[in-house]
Amino acid sequence: MKQAVSSLIVSLLLSLCVPFAFAAPPVLAPGTSESPPTVSTGVNINSADAQSIALTLSGVGIKKAEAIVAWRQSNGRFESVEQLLEVKGIGPAILAKNRDKLQLK
């Protein structure tokens, strides 16, 4: 008897859950597309603010990020990522660690 009641309860629970598992995805309005949010793994050192630079680059805190922005304001756009070596506090190790994250758009 207990086994029959247990089986009945399990059957009822499954019958309630299964329709949701196989439900059709929601229909999107015409002209819209569903895509996952894009996550940028890089930073444009010619336009980013200090906080964005500090959050993106490894080994670069807010002070070094502010120095990058100050260099850009004084000297203009970075023409190459190697120019970061002209910023006080940015050395070859930091440049090498972050080379794949640096953008010059």
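Proximity of K64 to I90: side-chain heavy atoms (C-beta onward) are separated by under 4.5 Å at one or more points. With a 4.5 Å cut-off on side-chain heavy atoms, L102 and L57 count as touching.
No single ILVMFWY cluster, assembled from side-chain heavy atoms under 4.5 Å apart, contains both L55 and I45. Residues I62 and I68 fall into different hydrophobic clusters, defined by Ile, Leu, Val, Met, Phe, Trp and Tyr side chains chained together at heavy-atom separations under 4.5 Å.
With sequence neighbours left out, the side chain to side chain donor-acceptor pair (under 3.5 Å) criterion links N46 to no other residue. Under the salt bridge (charged side-chain N to carboxylate O under 4.0 Å, His left out) criterion, E66 pairs with no residue at all, not counting sequence neighbours. Residues that satisfy the side chain to side chain donor-acceptor pair (under 3.5 Å) test with D49, not counting sequence neighbours, are S52.
Of all heavy-atom pairs spanning A48 and V43, the tightest one is CB-CG2, 3.4 Å. Summarising the geometry of P92 relative to L85, their closest heavy-atom pair is N-CD2, 3.6 Å, with the distance given to 0.1 Å. Here the closest non-hydrogen pair linking A50 and A65 is O-CB, 3.1 Å.
Within the structure, salt bridge (charged side-chain N to carboxylate O under 4.0 Å, His left out) pairs that include any residue of residues 70-87 comprise E82-R99 (at least two apart or interchain). Note on residues 79-105: no pairs pass ring-ring contact (aromatic ring centres under 6.0 Å, His included), not counting sequence neighbours. The ring-ring contact (aromatic ring centres under 6.0 Å, His included) analysis of residues 41-77, with sequence neighbours excluded, yields the pairs W71-F78.
Within 6.0 Å of the NZ atom in K97, the count of heavy atoms belonging to other residues, nucleotides or ligands exceeds 12.
N98 places a side-chain N or O within 3.5 Å of a backbone atom of S58 that can act as its donor or acceptor partner.
In this structure, the separation between CD on Q83 and CG on L95 is 11.5 Å, given to the nearest 0.5 Å. With values rounded to the nearest 0.5 angstrom, I94 atom CD1 is found 9.5 Å from L84 atom CG.
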